[in-house]
Amino acid sequence: MNGSVLTLCDGSFQMPLALFSPHPAIASLAEKIGRAITVPVQCHLVREEAGFLLVDAGGGSLMGAGFGAMAERLAQRHIRPCAIESIYLTHLHGDHIGGLIGPDDAAAFPRARLHLSRMEYEFWTSYADAGSHAAIARDARRILRVWAGRITLLEPGESAGPMTCLPLPGHTPGHSGWRYGDRTIFAGDVAHHALQLTYPNIETQWDMSPADARTSRHDVLYCMRGYNMRAFFSHVHSHP
Ligand SMILES: [Zn+2]
């Protein structure tokens, strides 16, 4: 099972379809299922010989009721939090970092080291004070403080262990994917629904720069179709 990827669902939330840009495929989905979709919040666990790697950490107690199932899913598989060696973050939104701390506000993974892109770190710790981003920045800073001294910041194309940091901006300025080996990409929030993989020009208002996010989606699709890579997304059920 070395190198295998396990998807762990931490919880889910409702996403109004009105947040997507107008498109016939979205209109026909709305006719079938109504105004909102249920969006899973997924983390991905990779088993390596040296230990376990985790991509994103779910919403945990930060996101309130209905989140935090990842910890139970790990326990069901007899994987203790201290068995997680490295965590790779795609970005610093609460549904990806809340699970980094337990209900006692201590680091939920006592031995792990945290990896994220330097640009994402700097955006939320230095620039994101204003308006609607203030609450996200406050949560991110609080959680990063708990992890201080155990954080590695990476530049685009830089590797840490078996993962390489791939800039996929748009959802947030420093949103990054992680390339694992030659065949796998963890693509975070490059898409929020499978329809965006069929029609990559469908945008969502949840992306800080919808145009950059669209370019990032095309980049990931190019890797999938051109190089036969498999991609795992945080909010789209896992692609084989
Ligand atoms: Zn997300």
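In each ligand, atom 1 is the first atom listed, and ligand 1 is the first ligand listed.
- When you scan the N, O or S atoms of D189 for the one nearest the Zn ion (ligand 1), you land on OD2.
- Within H96, the N/O/S atom positioned nearest the Zn ion (ligand 1) carries the name NE2.
- Less than 6.0 angstrom separates the ring centroid of W206 from the ring centroid of F13.
- Between the OD2 atom of D95 and the NE2 atom of H235, the angle centred on the Zn ion (ligand 1) amounts to 90° when rounded to 10°.
- Annotation for L92 and E120: closest pair N-OE2, 2.9 Å, computed over non-hydrogen atoms.
- Proximity of a side-chain donor or acceptor of E85 to a complementary backbone N or O of R113 within less than 3.5 Å is not detected.
- Without hydrogens or angle criteria, S216 side chain to P169 main chain gives a donor-acceptor distance under 3.5 Å.
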